Amino acid sequence: MKPTHRESLRHIVLLLPALTIFSAFWLLPMARLVSVGASGEMGVSAYWAVITDPRYFSSLVSTIVLSATVTFATIIISGITGMFLQRNHFFGRRFLLATLTFPLAFPGVVVGFMVILLVGRQGVVGSVTEWLFGEKLVLAYSMAGLFLGYLYFSIPRVILTIMAAAEKLDGALEEAARSLGASPWQVVRDVMIPGLKPALISSGAICFATSMGAFGTAFTLATKINVLPITIYSEFTNYANFSLAAALSIVLGLITWLALALARSMAGSTVAAAA
Amino acid sequence: MDNNSGNPAKLNTVGIRLNACGKTFPDGTRALEPVQLEINPGETVVLLGPSGCGKTTMLRIIAGLEQPDAGGQVFFGEQDVTPLPIEQRHVGMVFQSYALFPNMSVAENIAYGLKVRGMAEVEKKQRVVEMLSMMHLESFAERRIDQLSGGQRQRVALARALAVRPRVLLLDEPLTALDAKLRESLRAEIDRLLRSLKITAVYVTHDQSEAMALGDRIAVMEKGRIAQIGSPREIYYRPATRFVADFIGSMNRVQGMVDGESLQLPSGLLRVGPRVSNEVLFRPEDVRIVSNGEAQLQAKIVSAFFLGDHTRLILDVGNEQTITAETVDRREFKPGDIVPIAVDSEAILFLE
């Protein structure tokens with residue numbers, strides 16, 4: 001059926017509020033960001049600098065490596081823990097589940113602070129190792145510190161997603177596999193992981209996206225390694241290099257968006273953009 | 001694994017013996033009273049009963065998915081398999097929900113048990129082809145599971161369970177999820193399989209017609225106990241308890257005053273033979289509509305249901321007792337009419 005003039009007019013009127021908001025809060029800032037990125041002395045090549053300038057390139061690579069490692073570790077830890085918590089009922093389980101969501105309430109600054117308290121110069125681990133070996137173990141300001149902090153806020157989200165997915169796994173599938181002679185490991189490989197795959201991919205993508213954009217934790221730890229969000233921040237605060245900050249922002253956004261889009265097509269379901 | 005490759009009909013099937021197998025769950029509920037059961041090699045035993053009677057628990061104990069309470073033992077042939085988990089018992093299992101692996105094709109599903117057992121590629125392929133043809137699934141080999149109908153899925157599940165040439169086949173309500181028509185055709189197919197493979201099979205169902213059609217013997221279960229075990233005929237014609245009598249088919253129950261070899265009712269004298277009791281039972285199809293001369297009772301029609309192949313009558317025999325009668329008589333029965341009926345004394349049962 002072809003819409004009449006009246007109808008298409010009505011459609012435009014009805015879409016107007018959505019279009020206005022979309023333009024005001026997405027299209028215009030994005031266009032501005034893209035144009036600012038290309039407006040500096042370097043012009044469009046500011047985008048190129050992300051790869052050509054070793055400073056920015058190493059920042060980009062270390063951010064991706066860090067995020068990917070965190071995602072990988074989080075998936076393994078949370079996958080096992082989530083399955084366990086879903087399948088086993090023991091005293092204190094409800095309390096444990098309630099406390100698991102607690103780290104979600106902390107801003108990145110607090111997470112960073114906690115990492116410092118744990119493995120910083122005055123940290124618990126440092127004191128213990130000094131007492132034991134006469135040498136302080138300090139991890140907070142290196143890649144290891146970032147890794148710990150990122151892991152800390154990533155695990156709870158993924159555990160909860162895994163638990164929800166584990167609840168929906170069909171127990172008969174595991175029993176069928178076992179009846180056919182599959183060992184416990186083969187059941188995990190052939191039944192459980194494929195069953196959890198959509199949840200693993202989608203929660204992994206969100207974990208990756210969150211890690212790529214995390215700022216508070218990295219800022220608090222003031223590490224020697226500059227992750228991309230910190231680089232962007234210092235570009236426009238310290239050097240007032242707006243165009244490069246904008247270019248880096250676009251690149252950061254694109255990589256994160258690509259990861260989410262890839263996950264969405266692989267998982268075949270909607271990956272929430274809640275990152 | 002076995003030395004009779006090439007012929008899917010040859011299996012190293014064994015008998016099953018349950019020795020004092022009870023099951024108490026951690027919350028204290030008794031799912032199964034300590035039960036004794038012997039299943040012969042090649043025999044199909046149907047565990048029949050309402051939900052919660054313990055039939056699934058018994059199957060899961062045989063499978064190795066549940067451990068019996070202390071003292072219980074499960075034997076496959078002479079081997080005590082009680083301590084073995086299901087993956088070491090070499091059973092085939094078919095589930096109500098099909099339980100096919102959604103991430104694998106039909107052929108991969110069928111090959112799964114062979115794969116985890118490390119069978120050589122060539123032999124595995126050949127076995128899968130055999131199973132596909134046995135279950136008439138040749139054209140579906142590369143299909144995904146979600147592209148199959150319910151009946152096809154259950155045939156894949158059967159092929160998968162049989163591909164490993166299990167020692168026993170365990171079926172947990174395999175037809176319950178299917179619609180009536182499909183259920184009947186798949187039932188015939190399962191019957192054909194069980195007869196041709198001569199495999200020891202335990203089949204759980206709550207559907208009595210399935211039990212009658214498939215079982216060499218039926219174990220009727222009630223509240224965690226085997227109420228009666230016997231051939232379908234024994235169970236139907238000679239039920240041991242009221243529960244069995246009521247659960248299998250339908251049963252009329254009539255009370256009256258004992259009068260010699262008969263039971264006296266307001267509608268007449270029901271001849272019951274030398275053994276008398278003030279309560280007797282008989283099946284609806286054993287009620288005969290007769291001529292007035294042969295009549296034992298003059299029953300009044302309360303309602304009549306014409307069902308095509310037969311008519312079901314609800315009859316008043318006096319003392320506010322109604323019985324059900326089934327007749328192939330083509331007459332048109334009307335509520336309120338009086339019909340002369342008789343019941344052969346051989347058809348009459350006495351149960352405490």
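Chain identifiers are assigned alphabetically (A, B, ...) following the order of the sequence lines, protein sequences preceding nucleic acid strands; residue numbering begins at 1 within each chain. The model shown is predicted, which means the values in this text are computed figures rather than measured ones.
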K.L.:
Within a strict 4.5 Å, meaning less than it, do heavy atoms of the B:Ser97 and A:Asp170 side chains meet?
P.N.:
yes

K.L.:
How long is the gap from CD on A:Glu174 to CZ on B:Phe101, to the nearest 0.5 Å?
P.N.:
10.0 Å

K.L.:
Are there over 12 heavy-atom neighbours, none belonging to A:Phe72, within less than 6.0 Å of that residue's CZ?
P.N.:
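At most 12 heavy atoms, drawn from other residues, nucleotides or ligands, come within 6.0 Å of this atom.
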
K.L.:
Go through B:Leu170, B:Val91, B:Val94, B:Ile86 and name the one with the most non-hydrogen pairs under 4.5 angstrom from chain A.
P.N.:
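With the most close heavy-atom pairs to chain A, the winner is B:Ile86.
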
K.L.:
A quick test of your reading: do over 12 heavy atoms of other residues, nucleotides or ligands sit less than 6.0 Å from CD of B:Glu78?
P.N.:
no

K.L.:
For A:Arg189, does the CZ atom have more than 12 heavy-atom neighbours from other residues, nucleotides or ligands under 6.0 Å away?
P.N.:
yes

K.L.:
What is the distance from atom CG of A:Leu173 to atom CG of B:Asn103, rounded to the nearest 0.5 Å?
P.N.:
8.5 Å

K.L.:
Count the heavy atoms belonging to other residues, nucleotides or ligands that lie under 6.0 Å from CZ of B:Arg192, then report whether that count exceeds 12.
P.N.:
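More than 12 within 6.0 Å, yes.
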
K.L.:
Nearest heavy-atom pair of B:Phe95 and A:Glu175: which atoms, and what distance?
P.N.:
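Looking at all heavy atoms of both residues, the closest pair is CE2-OE1, 3.5 Å.
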
K.L.:
Quick check: are there more than 12 heavy atoms from other residues, nucleotides or ligands sitting under 6.0 Å from CZ of A:Phe90?
P.N.:
yes

K.L.:
So, applying side-chain contact (heavy atoms from CB on, under 4.5 Å) with A:Ser179, which one of B:His90, B:Arg89, B:Glu87, B:Met93 is it?
P.N.:
B:Met93

K.L.:
So which residue, A:Gly171, A:Pro194, A:Ala182, ends up with the most heavy-atom pairs under 4.5 Å with chain B?
P.N.:
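When all of A:Gly171, A:Pro194, A:Ala182 are compared, A:Ala182 has the most.
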
K.L.:
Measure across B:Leu65 and A:Arg178 and return the closest heavy-atom pair with its distance rounded to 0.1 Å.
P.N.:
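Distance-wise, the nearest heavy atoms are CD2-NH1, 4.1 Å.
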
